[in-house]
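Remember, it's a predicted structure, so these values are computed and weren't measured experimentally. Just so we're on the same page: letters track the sequence lines, and every chain starts at 1.
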Protein chains: 2
Amino acid sequence: MKRTSLNDIAAKLGVSKTLVSFVLNGKGKEFRINDEICKKVQETAKEMNYQPNRLAQGLRTGKTNTIGLIIADIANPFFGFLGREIEQEAAKSGYRVIFCSSDENPEKSKQQIAMLQQSQVDGYIISPPMYSGDQVLALVKNNIPLVLIDRFFPEIDSNYVGINNFEAAYKATSHLIRLGRKRIACISVNKDMINMQERTEGYKQALIDAGLPVDENLIKILTFSHDNKELVKAMKDLFGKKENRKADAILFSTSKLGIIGIEFISSSGLKIPEDIAVVSFDDPDAYKICVSPVTVVNQPLKEIGKTAVQVLLNKIKHPEAKSQQIILKTEFIIRKSCGS
Amino acid sequence: MKRTSLNDIAAKLGVSKTLVSFVLNGKGKEFRINDEICKKVQETAKEMNYQPNRLAQGLRTGKTNTIGLIIADIANPFFGFLGREIEQEAAKSGYRVIFCSSDENPEKSKQQIAMLQQSQVDGYIISPPMYSGDQVLALVKNNIPLVLIDRFFPEIDSNYVGINNFEAAYKATSHLIRLGRKRIACISVNKDMINMQERTEGYKQALIDAGLPVDENLIKILTFSHDNKELVKAMKDLFGKKENRKADAILFSTSKLGIIGIEFISSSGLKIPEDIAVVSFDDPDAYKICVSPVTVVNQPLKEIGKTAVQVLLNKIKHPEAKSQQIILKTEFIIRKSCGS
DNA sequence: TATTTTAGCTAAATCGTTTTAGTAACCAAA
DNA sequence: TTTGGTTACTAAAACGATTTAGCTAAAATA
């Protein structure tokens with residue numbers, strides 16, 4: 001039941017735990033421990049199935065080899081993929097990951113940060129909810145290793161790994177314009193979140209540059225929620241009236257919106273792309289097999305996750321490293337949802 | 001930079017750290033600490049933003065309030081949902097969760113269990129890969145709190161939360177039979193995994209009970225993999241030859257298979273349900289918006305996650321508790337993919 | 001022979017908690 | 001005056017590792 005400790009090994013061999021510690025940390029040579037004793041210690045450790053107590057190690061050394069991850073929702077495949085990459089990349093360097101879903105709720109993320117602090121994590125990867133800038137700032141001020149992903153706070157100088165949201169939205173919207181769509185709607189969420197704002201701005205700029213009017217009635221910025229009421233209402237407003245449809249195309253800022261939006265479109269008997277052309281951010285499975293496979297802006301999730309971990313571990317190793325903002329390339333995948 | 005410790009508070013107030021510990025653990029009354037001092041301690045703790053060091057606590061008490069979760073792949077929404085529920089339910093009781101994706105690889109899960117042991121987690125929730133029975137057995141033998149989900153080992157007496165796979169597959173297959181399908185294929189994975197075996201058995205029994213032949217050519221049991229080659233090959237074999245299709249219906253044992261399978265079906269110009277009727281386990285978003293929304297066996301993921309945590313925490317509290325096998329109800333959702 | 005060096009090891013402090021076993025001061029009862 | 005019981009607190013050990021400082025005996029050097 002009780003695990004074997006350094007002391008147990010030491011007692012069994014009649015040596016000091018200091019020696020055992022040296023050997024098991026590969027410092028046998030450095031502290032000129034007798035080769036035979038080294039061997040014996042290692043054998044005995046294996047025999048007794050010694051597993052170092054990371055709590056004790058962490059307490060003594062001040063390092064836990066653990067990183068805290070705060071994302072909006074691990075059930076959302078977007079974050080699931082990110083989480084997976086992060087876990088994998090971290091494991092390569094011997095780091096554990098504690099996952100927290102903040103639900104885009106700053107109160108929750110605050111608690112989670114506190115919890116992670118108590119767990120003495122070595123660093124954080126955070127996809128920060130709206131209005132959690134103060135929390136991030138507090139970490140940054142204390143020079144606590146931290147990388148933001150997916151969003152950031154323009155007024156805070158922190159590490160960040162993400163994409164160029166403006167450009168991606170601009171490109172997606174231009175694609176719709178090029179195909180002749182005139183009344184392009186945009187559905188987004190979380191109005192005060194920088195990445196979402198950038199997407200909306202990119203959308204608007206594309207319209208402006210093409211000489212099309214920016215119609216605020218076609219822009220729906222929802223609040224974050226796990227239910228769909230608000231989105232359905234917005235869709236009804238845009239596409240509800242048979243002969244007087246407000247829009248002939250739509251840009252979804254997230255796939256969560258897009259999936260439900262497309263479900264609505266299908267169930268109201270509208271055709272994609274004939275009645276409505278669709279472009280969306282992110283590329284979930286659903287988009288590949290739905291009625292008209294969806295044209296998307298795909299984010300390089302693997303690379304984002306991997307890079308975030310690398311930047312974080314670098315900062316952990318070199319606390320004096322200054323912050324990096326890394327913008328990765330998106331991929332625009334053209335499928336059938338816009339016609340041609 | 002350095003966090004405030006009990007000692008810092010004690011020093012500031014000129015009392016012992018014992019006293020501070022008592023007060024902050026709510027044992028002020030029990031140890032008859034003066035009310036005023038209690039108040040002062042609490043105020044000072046807040047002022048100095050005291051955060052208990054969970055490593056030290058864990059080291060001393062032998063309890064970390066952390067549970068280890070090992071699943072196949074957090075990027076798979078099936079496990080994402082489970083993970084989310086587990087995290088949430090655990091948080092309610094003040095427990096943290098360390099996530100590990102085993103990739104269905106027993107070598108990985110072995111390492112992960114070791115890592116979690118070193119982290120002194122209080123218990124485990126595991127969706128065990130094939131051939132990892134010995135790992136699970138070792139935990140069970142040591143009476144380490146553990147709950148298996150999604151699959152289990154019939155020869156090991158452990159806690160388990162899941163569904164009746166046989167019954168669910170039987171029902172799904174019967175549905176296809178009732179609708180007049182005669183050549184029903186079954187695509188599954190991981191031949192030595194009990195839950196998958198049960199599904200195949202349920203499928204076969206339904207055929208037998210309906211007087212239909214069990215044709216091994218229609219049963220494809222794949223190996224676990226992140227790429228799709230094997231599945232595409234199986235699909236081609238079943239549906240490739242235009243005028244001599246082997247099957248007129250298909251049961252997918254997992255949604256991962258189903259999504260790719262349906263993608264294949266769509267891209268080969270076959271129609272669901274006219275050419276092929278489809279039923280699948282699990283209910284990802286994709287199934288709701290694809291060409292013919294898919295009829296599915298939906299697992300109660302929320303309840304599975306929640307129950308798993310409850311069983312685990314109960315076992316942590318009561319080490320003498322004997323093992324529970326909890327089978328939850330599935331939901332059969334009829335959509336359009338089978339015709340009518 | 002006396003001194004220094006080296007090889008090979010250990011004692012003890014430390015990290016931040018919890019918890020056991022006290023202690024000191026005071027008052028009441030015998 | 002002694003005993004016993006409260007009240008209000010503290011010292012110190014313990015958890016399991018790491019790490020600094022130092023010790024002894026033998027070998028090498030002066």
Qualifying residues under ring pair (Phe, Tyr, Trp, His ring centres under 6.0 Å), relative to [X], sequence neighbours excluded:
{"X": "A:F152", "answer": "A:Y160"}
{"X": "A:H318", "answer": "none"}
{"X": "A:F81", "answer": "none"}

Requested in this report: Quick one: which residue pairs count as a ring pair (Phe, Tyr, Trp, His ring centres under 6.0 Å) with a foot in residues 25-61 of chain A, not counting sequence neighbours?
Outcome: A:F22-A:F31
Requested in this report: For A:F31 and for B:R32, locate the closest nucleotide of DNA chain C by heavy-atom distance; then report the residue assigned to the nucleotide nearer the 5' terminus.
Outcome: A:F31
By the salt bridge (charged side-chain N to carboxylate O under 4.0 Å, His left out) test, which pairs, at least two apart or in different chains, include something from [range]?
{"range": "residues 133-159 of chain A", "result": "A:E104-A:R151"}
{"range": "residues 34-58 of chain A", "result": "A:K29-A:D35"}
{"range": "residues 318-327 of chain B", "result": "none"}

Query raised in the report: Mind checking whether A:L59 and A:L55 have side chains closer than 4.5 Å, heavy atoms only?
Result: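 Side chain of A:L59 against side chain of A:L55, heavy atoms only: no contact under 4.5 Å found.
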Report summary line: Once base and sugar-phosphate atoms are separated, protein heavy atoms under 4.0 Å mark nucleotides 12-19 of chain C, 5' to 3', with B, S and - as BBBBBBBB
**Report entry** By salt bridge (Lys or Arg N to Asp or Glu O under 4.0 Å) - contacts of B:D8 (at least two apart)
**Finding:** B:K2
Query raised in the report: How would you list, by chain and number, every residue that makes a salt bridge (Lys or Arg N to Asp or Glu O under 4.0 Å) with B:K27, sequence neighbours excluded?
Result: none
Query raised in the report: Under a criterion of less than 4.0 angstrom to any heavy atom of chain A, what are the 5'-terminal and 3'-terminal contacting nucleotides of DNA chain D?
Result: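 First-to-last contact on DNA chain D, by the 4.0 Å heavy-atom rule, is D:dG16 to D:dT20.
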Report task. State, to the nearest 10°, the angle formed by the axis through the first five base pairs of the helix from C:dT1-D:dA30 to C:dA30-D:dT1 and the axis through its last five. Result ->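 Comparing the axis at each end, I get an angle of 80°.
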